[in-house]
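Order of the sequence lines sets the chain letters (A, B, ...), proteins ahead of strands, with each chain counted from 1. For the numbers below, each heavy atom of this structure counts, side chains included, while hydrogens, waters and symmetry mates do not.
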Amino acid sequence: MGRGGFPAYRRLGRRFFARSAEELAPDLLGCALVLRVGGLTLAIKLVEVEAYLGVGDDPASHAFRGRTARNEQMFATPGHLYVYFTYGMHYCSNVVAEKKGVAGAVLLRAGEALQGAELMGARRGRKGVEIANGPAKLCQALGLDLRHNGLDLTRDELGIWPFETPKRVARSSRIGVREGRQLRLRFFDPDSPFVSGKRT
DNA sequence: CCATAGATTGACT
DNA sequence: GTCAATCTATGGA
């Protein structure tokens with residue numbers, strides 16, 4: 001049995017992820033992202049995510065111009081993990097949505113440490129809200145990089161569990177994107193202090 | 001508080 | 001060659 005209150009039978013399965021990124025994104029808020037490695041459990045409650053759409057639908061999406069080596073996982077079976085490297089030094093992670101062959105993903109932007117805060121804080125050189133209030137910070141806290149690209153969140157060492165339901169869900173345009181600003185595909189818990197910087 | 005520069009590499013045009 | 005789904009330090013109000 002999983003220690004830390006994340007038993008296998010409660011883990012989110014394929015069906016939960018198999019829908020559009022825009023539908024999936026808000027339902028990920030309040031869920032726990034759990035990594036089990038070396039007998040250790042790290043858990044983060046998701047408080048901010050962004051949906052990225054498929055080919056030709058969303059100029060800010062890595063999949064906008066079609067399939068490439070980098071964005072391959074955006075077309076994978078739903079429930080997989082898409083990790084990309086950016087700005088020469090950072091990793092960001094996404095949950096794959098839609099159905100196999102159709103691109104769509106949800107960027108994990110920010111969360112609150114639930115378990116393993118000491119280790120994650122040490123990795124980040126920060127504490128409290130600074131542990132995972134940004135997509136690259138969240139990856140650094142969990143130690144996620146390209147080795148984790150393509151993991152199956154329904155079976156592998158990283159998974160997602162229902163944890164709590166946010167009282168409210170707010171919606172805004174996405175952060176750090178130039179095009180596609182009219183698409184309001186950022187979802188966050190407006191009552192959480194653990195969201196990243198701006199909150200328009 | 002806010003604004004801005006620099007870091008640093010690979011993917012894509 | 002250009003620039004990115006970012007973060008941090010620093011400098012000024």
Side-chain angles (χ1 to χ4, degrees), chain A residues 17 20-26 28-29 33 44 46-76 78 80-98 102-113 117 120-151 153 158 160 169-189 193-200:
Chain A
F17 302 103
S20 73
E22 186 169 0
E23 279 183 274
L24 172 62
L28 286 169
L29 297 176
L33 178 66
I44 288 178
L46 299 173
V47 303
E48 178 183 348
V49 299
E50 286 175 354
Y52 286 85
L53 311 181
V55 178
D57 294 329
D58 173 6
S61 171
H62 288 173
F64 184 56
R65 290 178 172 79
R67 206 161 178 152
T68 68
R70 178 177 67 161
N71 68 25
E72 178 67 24
Q73 287 301 322
M74 286 192 72
F75 297 80
H80 282 242
L81 190 74
Y82 166 45
V83 181
Y84 68 90
F85 177 68
T86 192
Y87 288 102
M89 64 188 87
H90 298 302
Y91 299 95
C92 295
S93 57
N94 300 251
V95 172
V96 176
E98 291 289 355
V102 178
V106 180
L107 174 68
L108 305 179
R109 279 201 62 91
E112 171 180 357
M120 293 192 286
R123 283 175 172 172
R124 287 270 308 122
R126 292 289 189 285
K127 293 182 164 186
V129 302
E130 297 276 310
I131 290 176
N133 62 342
K137 299 176 185 179
L138 186 150
C139 282
Q140 191 184 7
L142 291 174
L144 299 180
D145 59 33
L146 291 179
R147 293 171 305 180
H148 302 90
N149 188 36
L151 280 192
L153 294 168
L158 182 69
I160 300 181
V169 171
R171 189 169 178 158
S172 76
S173 54
R174 294 167 295 183
I175 295 190
V177 303
R178 308 168 67 91
E179 299 180 279
R181 182 117 5 115
Q182 78 287 358
L183 297 172
R184 296 178 67 81
L185 294 175
R186 172 177 178 243
F187 301 87
F188 60 102
D189 176 353
F194 294 87
V195 300
S196 72
K198 320 131 203 182
R199 38 180 103 181
T200 44

Do the side chain of [X] and the main chain of [Y] share a donor and acceptor less than 3.5 angstrom apart?
| X | Y | value |
| --- | --- | --- |
| D189(A) | V47(A) | no |
| R186(A) | I175(A) | no |
| S61(A) | G54(A) | no |
| R123(A) | I131(A) | no |

* Asked: To the nearest 0.5 Å, what is the distance between CZ (F187(A)) and CD (E22(A))?
  -> 5.5 Å
* To do: Before giving the answer on side-chain contact (heavy atoms from CB on, under 4.5 Å), spell out for L46(A) and L138(A) the whole-Å C-alpha distance, their side-chain angles and the decisive distance to 0.1 Å.
  => CA-CA 10 Å; L46(A) 299 173; L138(A) 186 150; 4.3 Å; yes
* Asked: Within a radius of less than 6.0 Å around CZ of R67(A), do more than 12 heavy atoms belonging to other residues, nucleotides or ligands occur?
  -> yes
* Asked: Where each residue is assigned the nucleotide of DNA chain B containing its nearest heavy atom, which of L146(A) and H90(A) is assigned the position nearer the 5′ end?
  -> H90(A)
* Could you spell out the base pairing of DNA chain C in dot-bracket, with Watson-Crick or G-U pairs whose two distances are under 3.5 Å, [ ] crossing and | to another strand? -> ||||.|||||||.
* To do: Return the nearest nucleotide to the side chain of M89(A); candidates are dA7(B), dA11(B), dT13(B).
  => dA7(B)
* To do: Using a heavy-atom cut-off of under 4.0 Å over every strand shown, decide if R174(A) touches base, sugar-phosphate, or nothing.
  => nothing
* To do: Tell me what A136(A) touches on the nucleic acid: a base, only sugar-phosphate, or nothing, going by heavy atoms under 4.0 Å.
  => sugar-phosphate
* Between Y84(A) and Q73(A), is any pair of side-chain heavy atoms under 4.5 Å apart? -> no
* Cation over ring face, R147(A) and Y91(A), 6.0 Å, 45° -> no
* Quick one: D145(A) CG to dG10(B) P, roughly how many Å, whole number? -> 13 Å
* Whole-Å distance separating the CZ atom of R67(A) from the P atom of dA11(B) -> 17 Å
* Taking atom P in both dA3(B) and dA5(C), what distance in whole Å separates the two? -> 22 Å
* Asked: Closer to the 5' end of DNA chain C via nearest nucleotide, is it Q140(A) or H62(A)?
  -> H62(A)
* Would you grab the first and last nucleotide of DNA chain C (5' to 3') that comes under 4.0 Å of any non-hydrogen atom in chain A? => dA4(C) to dA9(C)
